[in-house]
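For reference, the structure is listed below as structure tokens.
As the structure is a prediction and not an experimental result, all values here were calculated from the model.
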Amino acid sequence: MSKLSVLNYVSPIGEIEIQGTKEAVYSIMFSNRNEPLTRLTEEAPVQVLEECASQLDEYFKGERFKFSFPYAFEGTDFQQKVWNALVTVGYGRTTAYKDIALAIGNEKAIRAVGSANGKNKLSIVIPCHRIIGSNQKLTGYAGGLWRKEWLLQHEKRCLGSKGGLMDERDIFERV
């Protein structure tokens, strides 16, 4: 793997730390730092990270419904199955942990799905914020439940502004 670089992006719901190489983004995580925002690498910005930040900006402005920058995730085979299932959950929609367990062919793995969901390092792109409890209540989110609620409300508002007309091309897709 190439040298890992870091870029900080200021979103409407807090600072996001983007990590990656010149080939792909590996992590998009909310940061709860209290110190001033700084670029953590000395070298010139990595184009992939800059593109990720640009697309996140469009997402937060309600102008982007899927991402096209290269990203990669590292995890166990089970985690990767879960994360691949998460990207099938459409923009502005929610589903339950149980539904993801069924989608990966392991209906008894609800808690394991929750655990894998919690280890997702590609916030927003791998839309773990769209996974809720079977009782339709918000449960766990590494960025905080308030952010999960904000992201879901943001997507619903954006769908409403598009007249609710979306098709399969408008969901997040893995590149």
Step-by-step side chain to side chain contact (heavy atoms under 4.5 Å, CB included) determination, Val113 to Phe78 = CA-CA 9 Å; Val113 164; Phe78 179 81; 4.1 Å; yes
Flag side-chain contact, heavy atom, 4.5 Å: Val48 against Tyr71 | no
For the residue pair Ser5 and Leu49, establish whether any side-chain heavy-atom pair is separated by less than 4.5 Å.
-> yes
What do the steps show when you test Ile100 against Val82 for side chain to side chain contact (heavy atoms under 4.5 Å, CB included), and what is the final call?
-> CA-CA 7 Å; Ile100 298 296; Val82 170; 4.1 Å; yes
Between Leu138 and Leu152, does a side chain to side chain contact (heavy atoms under 4.5 Å, CB included) hold up when you go through it step by step?
-> CA-CA 10 Å; Leu138 299 185; Leu152 291 171; 3.6 Å; yes
Checking side chain to side chain contact (heavy atoms under 4.5 Å, CB included) for the pair Arg130/Leu86: CA distance, chi angles, key distance, verdict?
-> CA-CA 8 Å; Arg130 297 182 189 149; Leu86 292 177; over 6 Å; no
Determine, using the 4.5 Å side-chain heavy-atom cutoff (strictly less than), whether Leu7 and Phe60 are members of one ILVMFWY cluster.
-> yes
Side chains of Ser68 and Gln55: do they bring a donor and an acceptor to under 3.5 Å?
-> yes
Quick check: does any side chain N or O of Trp83 sit under 3.5 Å from a backbone N or O of Ala116, one acting as donor and the other as acceptor?
-> yes
Nearest atoms (heavy-atom pairs only) where Ala96 meets Ile131 = C-CG2, 3.9 Å
Given Ile126, Val125, Asn120, the one that forms side chain to side chain contact (heavy atoms under 4.5 Å, CB included) with Ile28 = Val125
Classify the ring geometry between Tyr91 and Phe65 as parallel (under 30°), tilted (30 to 60°) or perpendicular (over 60°).
-> perpendicular
Do Trp146 and Leu151 come close enough that some side-chain heavy atom pair is under 4.5 Å?
-> no
Answer yes if the side chains of His129 and Glu155 hold a donor-acceptor pair under 3.5 Å, and no otherwise.
-> yes
Hey, could you give me the CD/CZ distance between Gln80 and Phe73, rounded to the nearest 0.5 Å?
-> 5.5 Å
Backbone N or O of Gly140 within a donor-acceptor pair of the Lys148 side chain at under 3.5 Å?
-> yes
In this structure, CD1 of Ile18 is separated from OG of Ser27 (nearest 0.5 Å) by 9.5 Å
Sequence neighbours left out, what passes ring pair (Phe, Tyr, Trp, His ring centres under 6.0 Å) with Tyr141? Give chain and number order.
-> none
Pairs involving residues 107-119, ordered by first then second residue, that meet side-chain hydrogen bond (donor to acceptor under 3.5 Å, both in side chains) (sequence neighbours left out) = Ser115-Lys119
Does the Arg147 side chain pair with the main chain of Ile13, one donor and one acceptor, at a distance under 3.5 Å?
-> yes
Fit a plane to each ring of Trp150 and His154, take the angle between them on a 0 to 90° scale, and name the class: parallel (under 30°), tilted (30 to 60°) or perpendicular (over 60°).
-> parallel
If Ile, Leu, Val, Met, Phe, Trp and Tyr residues are connected whenever their side-chain heavy atoms lie under 4.5 Å apart, and connections chain through other members, are Tyr9 and Phe30 in the same group?
-> yes
Work out which heavy atom in Gly62 is nearest to a heavy atom in Cys158; give both atom names and the distance.
-> CA-SG, 3.4 Å
Cluster link Val87 to Val89, ILVMFWY, side chain under 4.5 Å | yes
Are Thr139 and Tyr97 close enough that a side-chain donor and a side-chain acceptor fall under 3.5 Å?
-> yes
Less than 4.5 Å apart, any side-chain heavy atom of Glu17 and any of Val6?
-> yes
In Å and rounded to the nearest 0.5 Å, what is the NZ to OG1 distance from Lys156 to Thr94?
-> 5.5 Å
Carboxylate-amine/guanidinium contact Asp77 Lys81, below 4.0 Å | no
